[in-house]
Amino acid sequence: MKILVINCGSSSIKYKLYEMDTHAVLAAGGIERVGQEGAFLKTTDHNGEKLQLNFDCPTHTEGIKMMFDTLTHPQHGAIKSIDEIAAAGHRIVAGGRFAESRLVTPDMLEEWKTFMDLAPLHNPPALKGYNAVKAVVENMPNVFVFDTSFHQTMPEHAYKYAVPHELYEKYGLRRYGAHGTSYRFVSDETARFLGKDKKDLRMVIAHLGNGASIAAVANGECKDTSMGLTPLEGLVMGTRSGDIDPSVFSFLAENANMTISQITEMLNKKSGLLGISGLSNDCRTIEEEAANGHAGAKLALEIFIYRLAKYIGSMTVAAGGLDALVFTGGIGENSDIIRERVLGYLGFFGLQIDQEANLKARFGNAGVITTADSKAVAVVIPTNEELMI
Ligand code: ADP
């Protein structure tokens, strides 16, 4: 069975076609500059030939059409006909109260649209992508896979904010979390990798990419996570501040004459590693410059690591203890430096790093990175959100 996975952003469309029996990726590509001048589709065909196809792409519909044309192209295509695709799975950032993936139906879609404001940058383009698929191939089943679903098992004391209750009732103001598709995959994969039943594992999973979050998973269920109403809460990220005193809004409005939207943009796009270092949001660059002695990069790295270690402590409370600390995402899977320094804060949990194993668990290699006599394991597990979808 072939499944097409689609991830639409405001100006981009990423896709992967899977043969589900073997998990083989039959085709993968990305369209950039949707709605702008100079749109193009990039892919590598089945002969390994790299292609860049320039085309006019005023809306997501032209992009989706180009994707299907490329998938079925007589020379470069991975399949002969669109009919070979059993279904499309769409990555959806915010799913509100939906606790599971859903086959898209008119009723379901109407309900989902009421959660649009929870991800104003991500949900509208996903809807455009879905509409475009529907316009090009009417009969293909579409499934929405929500990044928030995995977190719907959080207990009320974890997902509610300490604000007047009517704000939850009226506006759905609560913590929803994100990266749930990754957590679902990684928690299953961790149990498989360690040869344990996930019901017997208390896990703290750190998904560290450009966006970063952490979750407590016990009995196979999410108990708490660091992202909240939006992905701004929690850890220090590439460009996001993570946790901050909400009074910065009034402070900056009064002292720096900034508007709410300017402050929101600053906290989302100009903060985190980028804001502290003044250099870059990219962790590799920060590590390199820190090694060269750049003071801002050194500080950015230390704040990132310290906040992460603090959160691992609090997520251990949420999980009811710690059997496995799991690192995933671009940083979690590759940065031996960050993993080592985070574990340096956690010796009192009985976690001791195995230096050699830590250096080996990189570039897609999974591995336990703690010594055999550690009280819990720390493990690197590469995520695969598209396969999960
Ligand atoms: P996204 O959230 O965009 O999906 P990724 O999961 O791809 O992000 O992670 C991107 C981050 O991973 C970047 O900050 C990048 O610098 C970092 N990264 C990738 N490889 C390494 C590495 N070898 N060492 C340190 N950081 C790395």
Side-chain angles (χ1 to χ4, degrees), residues 5-16 28 30 32 91-93 119 121-122 125-126 145 147-148 177-186 189 205-215 225-227 230-242 268-292 294 296-298 300-305 307-308 326-343 358-367 369 380-389:
V5 177
I6 300 173
N7 185 353
C8 284
S10 55
S11 64
S12 69
I13 301 170
K14 290 186 211 139
Y15 65 91
K16 260 188 192 175
E32 286 172 46
R91 180 188 178 207
I92 307 291
V93 167
L121 296 179
H122 296 98
V145 179
D147 265 357
T148 47
H179 292 138
T181 311
S182 174
Y183 288 122
R184 197 182 294 279
F185 179 86
V186 170
E189 193 56 21
I205 307 175
H207 176 112
L208 311 174
N210 207 7
S213 71
I214 184 164
T225 191
S226 59
M227 283 180 171
T230 73
L232 183 55
E233 192 176 336
L235 301 176
V236 175
M237 311 180 211
T239 61
R240 293 187 202 127
S241 62
N268 276 288
K269 300 200 172 145
K270 298 180 188 158
S271 299
L273 295 177
L274 172 66
I276 307 164
S277 68
L279 273 180
S280 171
N281 64 310
D282 191 277
C283 185
R284 254 171 309 198
T285 309
I286 296 294
E287 286 184 2
E288 281 160 19
E289 291 305 317
N292 289 337
H294 186 284
K298 279 161 79 174
L301 208 51
E302 192 54 51
I303 297 178
F304 182 96
I305 291 165
R307 175 90 56 91
L308 176 55
V326 189
F327 291 97
T328 195
I331 298 172
E333 291 167 30
N334 294 299
S335 175
D336 53 292
I337 297 173
I338 288 182
R339 294 186 310 232
E340 179 178 348
R341 287 176 55 182
V342 167
L343 289 185
N358 186 38
L359 285 174
K360 273 195 201 144
R362 298 178 71 196
F363 312 126
N365 293 319
I369 59 167
V380 176
I381 300 286
T383 191
N384 195 339
E385 289 161 287
E386 290 94 353
L387 181 61
M388 192 73 233
I389 291 170

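This structure is a prediction, so every number in the text was calculated from the model and none was measured. When a ligand or atom number is given, it counts from 1 through the structure's own listing order.
If you run side-chain hydrogen bond (donor to acceptor under 3.5 Å, both in side chains) between S335 and each of E340, E287, R284, only E287 comes through. Each of I331, I305, I369, N334 was checked for a side-chain contact (heavy atoms from CB on, under 4.5 Å) with R339, and the lone residue meeting it is I369.
Considering only non-hydrogen protein atoms, atom 16 (O) of ligand 1 sits nearest to D282 OD1, 2.8 Å. Of all protein heavy atoms, the one closest to atom 14 (O) of ligand 1 is C283 N, 3.0 Å. For atom 11 (C) of ligand 1, the nearest non-hydrogen atom of the protein is I331 CG1, 3.8 Å.
Closest heavy-atom approach to atom 22 (C) of ligand 1 within the set N210, N334, L273: this belongs to N334.
Ring geometry for H207 versus Y183: interplanar angle over 60°, hence perpendicular rather than tilted (30 to 60°).
Between G330 and ligand 1, an N or O atom pair is found at a separation short of 3.5 Å. Taking distance alone, with nitrogen or oxygen atoms compared against 3.5 Å, R284 approaches ligand 1 more closely than that limit.
Here is the list of ligand 1 atoms found below 4.0 Å of a heavy atom in G209: 2 (O), 5 (P), 6 (O), 8 (O), 9 (O). Near R362, meaning under 4.0 Å from any of its heavy atoms, are these atoms of ligand 1: 23 (N). Less than 4.0 angstrom separates some heavy atom of E287 from each of these atoms of ligand 1: 24 (N), 25 (C). In summary, the atoms of ligand 1 found under 4.0 Å from a heavy atom of G211, numbered by their order in the structure, are 2 (O). Every atom of ligand 1 with a heavy atom of S335 under 4.0 Å away is listed here by number and element: 25 (C).
Residues L301 and R341 meet the side-chain proximity criterion, which asks for heavy atoms closer than 4.5 Å. Looking at heavy atoms from C-beta onward, D147 lies in side-chain contact with R91 at the 4.5 angstrom threshold. For the pair S277/E289, no side-chain contact is recorded, criterion being any heavy-atom separation below 4.5 Å from C-beta on.
Nearest heavy atoms, L308 versus A206: CD1-CB, 4.1 Å.
Listed for the T225 side chain is a donor-acceptor partner under 3.5 Å among the backbone atoms of I214.
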